[in-house]
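To find a chain, count down the sequence lines: A is the first, B the second, and so on, and within it residues start at 1. Here the structure is a predicted model, which means the values were calculated and not measured.
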Number of protein chains: 2
Amino acid sequence: MQRIGPAEIQSLAPAGHYIALRIGFAFPVEEINALPLDWVDHYTKNRYMLFDPIIRWAYSSVGALRWSEIPIDDPRKIISQAQTFGLRYGAAISVFDGNAAGQRSFGSFARSDRDYSDLEINLLHAYVKRRHAEMAPPTNLTMAELEALGMVRDGKRLKEIAFDLGVTEGAVKQRLKNAKIKLGAKTGTQAAALASQYGLI
Amino acid sequence: MQRIGPAEIQSLAPAGHYIALRIGFAFPVEEINALPLDWVDHYTKNRYMLFDPIIRWAYSSVGALRWSEIPIDDPRKIISQAQTFGLRYGAAISVFDGNAAGQRSFGSFARSDRDYSDLEINLLHAYVKRRHAEMAPPTNLTMAELEALGMVRDGKRLKEIAFDLGVTEGAVKQRLKNAKIKLGAKTGTQAAALASQYGLI
DNA sequence: CATTGTGTTCTCCTTTGTGGAGAGTTTAGA
DNA sequence: TCTAAACTCTCCACAAAGGAGAACACAATG
């Protein structure tokens with residue numbers, strides 16, 4: 001299987017695409033929205049998210065299929081409305097690795113000219129799977145590290161954290177240092193933001 | 001209208017309640033989950049969120065009503081399943097203030113013995129409205145302040161931020177100081193985390 | 001025109017956080 | 001069991017962030 005990137009995605013989905021990576025409880029860690037602006041506007045204004053059969057399929061299934069094959073009814077006629085915005089044929093990809101955080105990623109890709117071939121669907125599937133894997137949060141942070149990080153996020157100073165935890169300030173510093181390395185963060189602030197986004201704290 | 005607090009909520013919803021405050025794109029700023037643990041477990045395992053008629057009503061409406069009056073069909077029989085967990089009668093409240101961020105809050109309250117009276121519904125409605133208002137994010141942060149805050153979150157140092165923005169380090173400090181005051185944060189880290197949670201950056 | 005408020009810049013000083021080097025203690029595997 | 005890796009803690013030097021006060025520019029307001 002060849003390795004594809006954003007440029008290939010662009011040519012595989014000339015009418016637009018949407019990718020949500022690492023959806024935890026409800027929100028993605030990263031979102032790529034390359035859908036037509038007028039469609040996004042219409043979709044948002046009408047709060048279609050909860051009624052979109054593609055989203056509902058993606059949340060409850062794993063795999064890849066064409067929009068035309070989605071086995072969920074569409075009371076608001078969202079798919080046929082999308083067609084009037086150029087999103088005529090599409091493919092949906094849903095990836096889920098059953099990890100502790102239960103994170104899921106999905107992508108929706110569209111073109112106007114013809115339906116997707118099996119090969120193309122496989123390419124898109126591989127792409128979303130790869131992006132999903134790349135965004136995997138580190139799982140090797142210790143409880144001590146996450147605990148300190150959470151307290152930093154909540155505005156506590158190292159001295160205060162040390163007192164609350166009953167350890168020295170140096171120990172807290174080391175825990176945060178480790179956390180920063182594991183998260184690939186440059187500062188404590190970034191480490192806290194990342195851990196928060198990953199749902200670790 | 002009397003002002004009610006958590007204790008009154010407890011007695012108004014002896015079978016459990018759930019409140020999600022300030023849902024932006026999809027996730028709440030604060031979540032209070034006082035529903036029976038076995039029901040939460042069952043609900044989560046079956047990914048009922050997208051099919052729950054109460055959630056779907058709350059996302060698409062504003063106001064208050066009894067579960068029995070919800071005008072959305074329930075293909076997965078979630079409401080009748082809830083009854084077997086003691087959530088027999090319930091009220092749903094949805095609050096939306098049409099602000100820039102488009103944030104919405106909702107609550108779901110349950111009891112086993114009898115349905116809710118109009119007075120009780122009004123009390124619950126007032127409570128959710130008040131909590132919603134209390135959680136309103138500050139809207140008075142300037143673009144300069146948010147810009148600096150976003151860069152801090154992304155792991156940049158003040159010196160680096162100052163260089164990138166073409167201002168002095170002192171100016172950056174001042175912007176962050178203002179941001180901290182407006183957000184009620186003790187440290188820059190907390191300010192960044194809060195702004196991120198509020199969807200400001 | 002004066003006033004008020006906001007944003008920018010500066011200085012001086014204190015407190016806090018960061019980075020490096022190292023050592024004792026568990027834990028997991030060969 | 002021995003070893004390596006991971007975890008925890010300590011100490012120090014230095015860089016960065018935080019806090020207070022004051023001056024200046026500018027726009028909106030009265």
Q: Please report the distance, rounded to the nearest Å, between CG in B/L149 and P in D/dG18.
A: 11 Å

Q: Checking the side chain of A/E8 only, and the main-chain atoms of A/G5 only, is there a donor and an acceptor separated by less than 3.5 Å?
A: yes

Q: Keeping B/S196 on the side-chain end and B/A192 on the backbone end, is there a donor-acceptor pair under 3.5 Å?
A: no

Q: In whole Å, I'd like the distance from the NZ atom of A/K177 to the C1' atom of C/dG22.
A: 11 Å

Q: With a 4.0 Å cut-off on heavy atoms, is A/K173 in touch with a base, just the backbone sugar-phosphate, or nothing at all?
A: base

Q: To the nearest 10°, give me the bend of the helix from C/dC1-D/dG30 to C/dA30-D/dT1, comparing the axes of its five terminal pairs at either end.
A: 50°

Q: Which pairs count as salt bridge (charged side-chain N to carboxylate O under 4.0 Å, His left out) when at least one residue sits in residues 54-66 of chain A, sequence neighbours excluded?
A: A/R66-A/E69, A/R66-A/D118

Q: Considering only nitrogen or oxygen atoms on both sides, find all protein atoms under 3.5 Å from nucleotides 4-10 of chain C and state each distance.
A:
residue: C/dT8; atom: OP1; partner: B/R175; partner atom: NH2; Å: 3.1
residue: C/dT8; atom: OP2; partner: B/R175; partner atom: NE; Å: 3.2
residue: C/dC10; atom: OP2; partner: B/T168; partner atom: OG1; Å: 3.3

Q: Atom CD1 of A/I181 and atom C1' of C/dG20: how far apart are they, to the nearest Å?
A: 11 Å

Q: Give every pair of a protein N or O atom and an N or O atom of nucleotides 23-26 of chain D that lie under 3.5 Å apart, one pair per line with the distance.
A:
none

Q: Show which side-chain atoms of residues 77-89 of chain B pair as donor or acceptor with protein atoms under 3.5 Å away, not counting sequence neighbours.
A:
residue: B/S80; atom: OG; partner: B/K77; partner atom: O; Å: 3.3
residue: B/Q81; atom: OE1; partner: B/H42; partner atom: NE2; Å: 2.6
residue: B/Q81; atom: OE1; partner: B/Y48; partner atom: OH; Å: 3.1
residue: B/Q81; atom: NE2; partner: B/Y48; partner atom: OH; Å: 2.9
residue: B/Q81; atom: NE2; partner: B/R76; partner atom: O; Å: 2.9
residue: B/Q81; atom: NE2; partner: B/K77; partner atom: O; Å: 3.4
residue: B/Q83; atom: OE1; partner: B/R88; partner atom: NH1; Å: 3.4
residue: B/Q83; atom: NE2; partner: B/R88; partner atom: O; Å: 3.4
residue: B/T84; atom: OG1; partner: B/Q81; partner atom: O; Å: 2.7

Q: Check the distance between D/dC7's P and A/L141's CG and give it to me in whole angstrom.
A: 9 Å

Q: Report yes or no: does B/Q190 contribute a side-chain atom to a donor-acceptor pair with the main-chain N or O of B/K186 at less than 3.5 Å?
A: yes

Q: Please examine the side chains of A/I55 and A/F106, heavy atoms only from C-beta on, and report whether any two atoms are closer than 4.5 Å.
A: yes

Q: Answer yes or no: is there a donor N or O on one side and an acceptor on the other, between the side chain of A/R22 and the main chain of A/H132, under 3.5 Å?
A: yes

Q: Residues two or more places apart in sequence or in another chain: which of them pass salt bridge (charged side-chain N to carboxylate O under 4.0 Å, His left out) with A/R131?
A: A/E30, A/E134

Q: Would A/R111 and A/Y116 count as a cation-pi pair here, with the cationic atom under 6.0 angstrom from the ring centre and within 45° of the axis?
A: yes

Q: Going through the checks in order, is the side chain to side chain contact (heavy atoms under 4.5 Å, CB included) test met by B/Y43 and B/L35?
A: CA-CA 11 Å; B/Y43 189 95; B/L35 294 169; over 6 Å; no

Q: Just jot down the side chain to side chain donor-acceptor pair (under 3.5 Å) partners of B/D74, sequence neighbours excluded, or say none.
A: none

Q: Which residue pairs satisfy the salt bridge (charged side-chain N to carboxylate O under 4.0 Å, His left out) criterion with at least one member in residues 164-181 of chain A, sequence neighbours excluded?
A: A/K156-A/D164

Q: Can you tell me whether the side chain of B/K186 and the base of D/dG18 have a donor-acceptor pair closer than 3.5 Å?
A: no

Q: Is there a residue in residues 150-165 of chain B whose heavy atoms reach under 4.0 Å of DNA chain D, and which residues are they?
A: B/R157, B/L158, B/K159

Q: For D/dG19, does OP1 or OP2 lie under 4.0 Å from any side-chain N or O of B/K180?
A: yes

Q: Quick check: do A/E145 and A/L183 have side-chain heavy atoms less than 4.5 Å from each other?
A: no

Q: So, using side chain to side chain donor-acceptor pair (under 3.5 Å) as the criterion, who are the partners of A/D41 when residues are at least two apart?
A: A/K45

Q: State whether a side-chain donor-acceptor pair under 3.5 Å links A/R157 with B/T187.
A: no

Q: Does B/D73 have any salt bridge (charged side-chain N to carboxylate O under 4.0 Å, His left out) partners at least two apart in sequence or in another chain, and if so, which?
A: none

Q: Between the protein and nucleotides 24-30 of chain C, which nitrogen or oxygen pairs are less than 3.5 angstrom apart?
A:
none

